[in-house]
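Scroll down for the structure; my scribbles are underneath it.
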There are 2 protein chains.
Amino acid sequence: MKERILEEAGRLFATRGYAGTTVQAVADAVGLAKPSVIYWYPTKKALQDAVVDQVLLEWRQTLPRVLDAASSGADRLDNVLGEVVWFFSQAPDRARLLTRVVVDDPTELRDRLQGHLRPWLALLAAYVREGQQAGRVRADVDPEAWVIEVVILLISSFAAAEVAAGVLGGDPDSARERLVGELVRMIKRSLHPEPEGGTP
Amino acid sequence: MKERILEEAGRLFATRGYAGTTVQAVADAVGLAKPSVIYWYPTKKALQDAVVDQVLLEWRQTLPRVLDAASSGADRLDNVLGEVVWFFSQAPDRARLLTRVVVDDPTELRDRLQGHLRPWLALLAAYVREGQQAGRVRADVDPEAWVIEVVILLISSFAAAEVAAGVLGGDPDSARERLVGELVRMIKRSLHPEPEGGTP
DNA sequence: CCTACCGATCGGTAGG
DNA sequence: CCTACCGATCGGTAGG
């Protein structure tokens, strides 16, 4: 039952935000009375923490794939982006939830996110720098700033995917596809002028 | 007094969101009793609408500058980006507010935003396409998708600027500067491999 | 522009 | 896991 609650709460927090989600609404979505939700998660805050923790956990579980993608194939960046895109495409609520955490002000949650992000920032920035020394990556890239901007772009692009597809018009599915394609292209071209792999 | 209310409400809606902002909090910030706020803006919803309208109005007032920047100088894209960056740097709450409108779900607000965006999308995409025909812009760019992704990146980058600067570390001001610099570089390089202007 | 007040709903508790 | 209930606060109104 904890899982059902977590699932519905995740959906609601992602779409309506923390303040916009009532414990009663979560209870209704699951089909329980309000105190039953409070039985499993003692406060609304604890429920939100659990939801955010779950997204971070799911991300950690995706890590092996990403690291694998990062060390194989002709175009490693392309592979990594593919995994990240898959992670958010799978469940766009993840991106919406993370966007809220960043924008909703709670400094404590931000700090928790930063703790998760900082090691990644260092790792990825080192990769970029390495590429620069090898001449594969443009010299004018600011490695740390690039990584941060790419993370922002990835998360917010998926968080806004629905609206963006609406603005683009046409069939929603193909609109989403065009947007993801251009997103990936932009990120790659911002790092190096032409694909890594060269001619196959 | 309407102005004071609008100002404080804008600050609060941007930082805490619609559901997270109470009419009482707005009243306290201005130094009025709650019913006095309701006197000037008959409902909380009307107050939010006024706040969003104001941001859109300020953007329209910035338009002449942007259009001017778009038709002068060696690197027109650079000039336009400079104006947009200035618009959001001036008041980062604008970006945070727009992010919320997109993510907070109210379909009606989205539609209003889309109405504002659509003509721009067409105009900017046409510019990109024109550049492609002249060979100034890479052929693999998807003009409409590119414009949308750039708008998303610009808005969310400023909305997350504070957190991003925290992750980057060091002096907050110079961190912000690095991030904006890289943001602009990414956008430019995603369109054409080298600066438009050539050697001066 | 304020005081006084409204019904509804908030997060959470008591007790079983 | 539920019913019954708590004080606090919500958006908004009445009346001046």
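These figures come from a predicted structure and were not determined experimentally. In what follows, every chain begins at residue 1, and chains take the letters A, B, ... in the order their sequences are listed. All heavy atoms count here, side chains included; hydrogens, waters and symmetry mates do not.
Summarising the geometry, the separation between CD on A:Q24 and C1' on C:dA8 is reported as 12 Å, rounded to the nearest angstrom. Rounded to an integer number of Å, the gap from CH2 of B:W40 to C1' of C:dC2 is 14 Å. In this structure, the CG atom of A:L47 is 15 Å from the P atom of C:dC10, given to the nearest Å. Atom pair B:Y18:OH and D:dC10:P shows a separation of 13 Å (rounding to whole Å applied).
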Annotated structure of DNA chain C as dot-bracket, pair cut-off 3.5 Å, Watson-Crick or G-U only, | for inter-strand, is ||||||||||||||||

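Put simply, the side chain of B:E144 never gets that close to the backbone of B:A122: no donor and acceptor are under 3.5 Å apart.
Judged by distance alone, with hydrogens and angles left aside, B:K44 brings no side-chain donor or acceptor close enough to the base of D:dG12 to form a pair under 3.5 Å.
Across C:dG12, D:dC2, C:dC1, the shortest atom-to-atom separation from the side chain of A:L32 is found for D:dC2. Candidate nucleotides C:dG12, C:dC2, D:dG12 were compared by shortest atom distance to the side chain of B:I38, and D:dG12 ranks first. Of the candidates C:dG11, C:dA14, C:dC1, C:dG11 carries the atom nearest the A:V23 side chain, counting heavy atoms from C-beta on. For A:P35, whose side chain is taken as the heavy atoms from C-beta onward, the closest listed nucleotide among C:dG11, D:dA4, C:dC1 is D:dA4. Considering only the side chain of A:T22, C:dG11 comes nearest among D:dC2, D:dC10, C:dG11. Which of C:dC1, D:dC10, D:dC1 sits closest to the side chain of A:Y39 comes down to D:dC1. Distances were taken from every side-chain heavy atom of A:A33 (C-beta onward) to each of C:dG12, D:dC2, D:dG12; the shortest belongs to D:dC2.
Residues B:K34 and B:M1 both approach DNA chain C. Their nearest nucleotides, taken by heavy-atom distance, put B:M1 toward the 5′ side.
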Test log, rule salt bridge (charged side-chain N to carboxylate O under 4.0 Å, His left out), inputs B:K188 and B:D78: CA-CA 8 Å; B:K188 286 165 66 179; B:D78 205 47; 2.9 Å; yes

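Partner of B:D49 under the side chain to side chain contact (heavy atoms under 4.5 Å, CB included) criterion, chosen from B:K44, B:R112, B:Q54: B:R112.
Checked by atom type, the side-chain pair A:E83/A:N79 shows no donor-acceptor distance below 3.5 Å. Inspection of the B:E149 and A:S157 side chains reveals an N or O donor paired with an N or O acceptor under 3.5 Å.
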Could you pull out all donor-acceptor pairs under 3.5 Å where a side-chain atom in residues 164-171 of chain B meets a protein atom, sequence neighbours excluded?
unit_1	atom_1	unit_2	atom_2	d
B:D171	OD2	B:S174	N	3.0
B:D171	OD2	B:S174	OG	3.4

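Taking A:D142 as the reference, B:R178 meet the side chain to side chain donor-acceptor pair (under 3.5 Å) condition, with sequence neighbours excluded.
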